[in-house]
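One structure below.
Both backbone and side-chain heavy atoms feed into the values below; hydrogens, waters and symmetry mates do not.
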Amino acid sequence: MKSLLAIGVSIVAFSHWSHAQNDDSSAKSSSPSLTGTKAEVVDAIDGRRKLTQEIVDSLFSFSELGFQEFETQRYLTDMLEENGFTVEKGISGIPSAWWATWGSGKPVIALGSDVDGIPKSSQMPGVPYRKALVEGAPGHGEGHNSGQAVNITAALAVKEIMERDGLGGTIVIWPGIAEELLATKAWFARDGRYDDVDAVLFTHVSDSMAVSWGQASGTGLVSVEYTFEGQAAHGAGDPWKGRSALDAVELMNVGWNYRREHLRPLQRSHYVVVDGGDQPNVVPSSASVWYFIREITADRIRENFDALQRTAEGAAMMTDTSVSRRIIGAAYPRHFNKPIAEAMQQNILSVGMPDWSEDDQAFAEAFQEFMSATDITGLKTDVEELAAPRDEPRSGGSDDIGDVSWSVPTVTLRFPSNIDGRTGHHWSSAIAMATPIAHKGATAGAKVIATTMLDLLQQPALVESAWTYYREEQTANETYTPFIAQDDAPAIEKNTAIMANYKGQLSEYYYDPSKYETYLEQLGVDYPVLKSPESE
């Protein structure tokens with residue numbers, strides 16, 4: 001594919017960014033590699049550092065779970081409409097979703113990033129120890145509060161240049177709703193949202209700056225909820241009249257746990273009991289269990305899903321109950337576009353990592369010590385190499401961006417707004433996410449997204465190369481068949497009760513940028529906090 005790179009990307013020399021305007025800024029380039037509109041767009045993003053910080057901090061303060069991201073929707077769509085975007089809300093039957101467009105003509109560049117939080121991960125930012133803002137409440141224990149700041153800052157800076165220079169093209173900004181449930185992007189793809197899009201630039205928080213091409217590490221999945229229906233009876237008086245749906249759930253789980261021995265090592269599968277009955281003295285007439293079935297390839301996901309279905313049916317037979325299922329989410333294994341990734345990597349090399357302050361590094365090291373990290377290394381200072389597909393597949397997490405990647409040429413930029421040594425899906429992953437570390441990482445990420453947008457806008461050959469790779473290599477030997485059907489509805493009721501329970505308490509902590517420079521200032525956090533109260 002070297003010829004594709006030659007067509008789509010001009011080779012220039014790059015040097016690391018070393019100059020910072022002040023302690024609160026990302027590194028500003030003095031590299032001769034950033035010239036023309038790329039240098040201008042980077043300067044424009046530096047000039048929007050305050051906007052980036054406010055978006056990062058505001059979304060952090062909303063702390064919304066999947067399908068309930070309504071404060072996030074209101075805040076971001078109001079901002080986009082004020083900046084000339086046309087916004088469509090409630091796409092694909094998902095009330096908290098939206099689709100914002102500006103411009104006209106080709107290429108159509110769609111910028112996406114997730115916005116939902118993690119249950120029970122409420123956390124005071126900027127302190128290197130456990131301290132919940134609201135005990136038991138959700139929080140941004142994945143860092144999804146930062147990606148839309150990257151995209152919107154980049155889009156507004158590029159839009160300014162497009163208007164000035166009369167560049168044709170369309171910018172789309174869309175959210176990954178309920179990504180932690182893997183529950184919307186397959187629906188967007190099924191409903192044709194990406195049919196007219198030429199390229200998707202997706203962003204996800206990380207502790208480094210990186211992009212990859214080809215089959216990604218990790219898994220795809222089917223998320224499915226089984227509900228058993230039985231017959232209630234008095235648990236002591238006449239239990240023989242009952243048919244326990246909970247017994248069916250437990251037998252299903254036992255059966256699947258025995259099967260694990262005979263599954264391939266790269267699979268991952270896990271479950272939670274959603275409904276186990278009402279009270280012990282009543283034989284449960286209804287019970288539900290929710291499974292994630294993960295594997296490396298689509299065929300093996302389907303194979304394991306079929307085995308799970310037979311296990312559920314067997315449990316129903318053993319207990320004289322009936323069983324039904326509902327698809328909650330789906331994620332096709334990811335495949336990222338090589339020409340766009342190569343172009344983005346050149347911009348990553350040019351932008352470089354943020355210029356971390358001594359306070360940033362001290363805070364990162366204090367956090368790593370608190371987390372008992374193997375190595376106390378602080379924040380990373382070098383970007384990653386362009387990642388090619390592994391010789392041996394590697395198991396791990398899933399992301400429903402996979403369904404998008406099989407619909408349109410797609411890459412994911414991982415940008416450095418968090419700290420190495422954290423635990424995933426955990427309150428520790430929220431600690432840095434409303435600090436200068438998150439702000440600087442998002443600003444650096446915005447520069448990479450914006451400069452890659454300019455490549456796509458100004459180099460038609462790059463778009464052509466991306467589609468050539470998609471058609472002739474990615475999809476040459478595999479046909480994308482979604483794991484969801486046309487009649488599978490999104491599970492929009494998920495997390496309703498949790499957010500109803502906590503939103504009133506969380507709203508007391510919403511960030512007010514009209515009164516406070518940063519969220520840390522509003523919370524009274526004197527950054528960097530390096531010790532816990534107990535250690536003092």
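With values rounded to the nearest 0.5 angstrom, Y519 atom OH is found 13.5 Å from T435 atom OG1. With values rounded to the nearest 0.5 angstrom, M79 atom CE is found 7.5 Å from E82 atom CD. Rounding to the nearest 0.5 Å gives a distance of 13.5 Å between NZ of K503 and CD of E508. Here D57 contributes atom CG and L523 contributes atom CG; the two are 9.0 Å apart, rounded to the nearest 0.5 Å. Here the OG1 atom belonging to T377 is positioned 10.0 Å from the CD1 atom belonging to I419, to the nearest 0.5 angstrom. To the nearest 0.5 Å, the span separating CG on L251 from CZ on F228 amounts to 9.0 Å.
Side chains of Q68 and T496: a donor on one and an acceptor on the other come within 3.5 Å. Using a 3.5 Å distance cut-off with no hydrogens or angles, the side chains of S395 and T219 do not pair a donor with an acceptor. Side-chain contact annotation: Y258 with N253, donor-acceptor N/O pair under 3.5 Å absent. Between the side chains of H140 and D116, no donor-acceptor pair is found at a separation under 3.5 Å. With no hydrogens or angles considered, no side-chain donor-acceptor pair links S417 and S146 at under 3.5 Å. With no hydrogens or angles considered, a side-chain donor-acceptor pair links S269 and R260 at under 3.5 Å. Between S398 and R294, the side chains place a donor N or O and an acceptor N or O closer than 3.5 Å (distance only, hydrogens not considered). If you check the side chains of T410 and N337, you find no donor sitting under 3.5 Å from an acceptor. Side-chain contact of N347 with T452: a donor-acceptor pair under 3.5 Å is present, judged by distance alone. Checked by atom type, the side-chain pair S96/Q73 shows no donor-acceptor distance below 3.5 Å. Side-chain atoms of D512 and S514 form a donor-acceptor pair, as typed in the model, at a separation below 3.5 Å.
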Point to revise | Test log, rule side-chain hydrogen bond (donor to acceptor under 3.5 Å, both in side chains), inputs H426 and E142 | key: CA-CA 7 Å; H426 185 255; E142 173 77 0; over 6 Å; no
Practice item. Decide ring-ring contact (aromatic ring centres under 6.0 Å, His included) for Y194 and W99; before the verdict, give the C-alpha distance in whole Å, the side-chain angles of both, and the deciding distance to 0.1 Å. Key: CA-CA 11 Å; Y194 306 100; W99 191 264; 5.7 Å; yes
Practice item. Could you go through the side chain to side chain contact (heavy atoms under 4.5 Å, CB included) check for F202 and L413 one step at a time? Key: CA-CA 6 Å; F202 198 71; L413 170 69; over 6 Å; no
Exercise for review: Determine, step by step, whether R325 and E225 satisfy the side chain to side chain contact (heavy atoms under 4.5 Å, CB included) criterion, reporting the C-alpha distance in whole Å, the side-chain angles of both residues, the deciding distance to 0.1 Å, and the verdict.
Suggested key: CA-CA 6 Å; R325 79 181 190 200; E225 188 172 282; over 6 Å; no
Practice item. Test salt bridge (Lys or Arg N to Asp or Glu O under 4.0 Å) on R268 and E295 and set out the steps. Key: CA-CA 6 Å; R268 299 287 188 272; E295 243 286 7; over 6 Å; no
Review point. Side chain to side chain contact (heavy atoms under 4.5 Å, CB included) between Y271 and I293: does it pass, once the steps are laid out?
Key: CA-CA 9 Å; Y271 58 83; I293 297 297; over 6 Å; no
Exercise for review: Apply the test side chain to side chain contact (heavy atoms under 4.5 Å, CB included) to residues F415 and V351: give CA-CA distance (whole Å), side-chain angles for both, the deciding distance (0.1 Å), then the verdict.
Suggested key: CA-CA 11 Å; F415 60 92; V351 169; over 6 Å; no
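Without hydrogens or angle criteria, S122 side chain to G139 main chain gives no donor-acceptor distance under 3.5 Å. No donor-acceptor distance shorter than 3.5 angstrom exists from the side chain of T443 to the backbone of K440, with no hydrogens or angles considered. In terms of modelled atom types and a separation under 3.5 Å, the side chain of N418 and the main chain of S206 share no donor-acceptor contact. Side chain of T52 to main chain of R48: a donor-acceptor pair is present (N/O by atom type, distance under 3.5 Å, no hydrogens or angles).
Annotation for E81: atom CD counts as buried by contact number, over 12 foreign heavy atoms lying within 6.0 Å. Annotation: R130, atom CZ; neighbour count of heavy atoms from other residues, nucleotides and ligands within 6.0 Å is above 12. Shown here is D191, whose CG atom has more than 12 heavy atoms of other residues, nucleotides or ligands within 6.0 Å. Remark: K120 NZ is loosely packed, at most 12 non-hydrogen atoms of other residues, nucleotides or ligands lying under 6.0 Å away. Annotation for K131: atom NZ does not count as buried by contact number, only 12 or fewer foreign heavy atoms lying within 6.0 Å. The number of heavy atoms from other shown groups lying within 6.0 Å of CG (D526) does not exceed 12.
Considering only heavy atoms from C-beta on, Y510 stays 4.5 Å or farther from Y75 through its side chain. Contact annotation: the side chain of M453 approaches that of L201 to within less than 4.5 Å [non-hydrogen atoms, C-beta and beyond]. In this structure the side chain of L133 never reaches within 4.5 angstrom of the side chain of Q123, judged on heavy atoms. At least one side-chain heavy atom of E54 sits under 4.5 Å from a side-chain heavy atom of Y511. For the pair D114/P175, no side-chain contact is recorded, criterion being any heavy-atom separation below 4.5 Å from C-beta on. Between S223 and Y291 there is no side-chain heavy-atom pair separated by less than 4.5 Å. Using a 4.5 Å heavy-atom cutoff, the side chains of F370 and S532 are not in contact. Residues P436 and L520 have side chains in contact (heavy-atom distance under 4.5 Å, counting atoms from C-beta outward).
Between L182 and the options L221, V222, I401, a side-chain contact (heavy atoms from CB on, under 4.5 Å) holds for only L221. Of the options I492, V115, D400, a side-chain contact (heavy atoms from CB on, under 4.5 Å) to I177 is made by V115 and by none of the others.
W174 does not carry R193 over the face of its six-membered ring by the limits of under 6.0 Å from the centre and within 45° of the normal. Cation-pi geometry between K494 and W290 is met: under 6.0 angstrom from the ring centre, within 45 degrees of the axis.
The minimum heavy-atom distance between A178 and T184, with the atom names listed, is CB-CG2, 4.3 Å. Shown here for V87 and W98, the closest heavy-atom pair between the two residues is CG1-CB, 4.3 Å. Closest approach of G220 to I301, counting heavy atoms only: C-CD1, 3.3 Å. Annotation for G352 and A444: closest pair O-CB, 4.4 Å, computed over non-hydrogen atoms. Contact detail for V529 and P128: the closest heavy-atom pair is O-CD, 3.1 Å.
Ion pairing between E69 and K89 fails under the 4.0 Å rule for side-chain N and carboxylate O. Taking 4.0 Å as the cut-off between side-chain N and carboxylate O, R414 and E384 do not count as a salt-bridged pair. Ionic pairing of R190 and D488 is not present here: no N-O contact between side-chain nitrogen and carboxylate oxygen is shorter than 4.0 angstrom. Ion pairing between D399 and R334 fails under the 4.0 Å rule for side-chain N and carboxylate O.
Taking the centre of each ring, F363 and W356 stay at or above the 6.0 Å mark. Note: Y332 and F483 meet the aromatic proximity criterion, with ring centroids under 6.0 Å apart.
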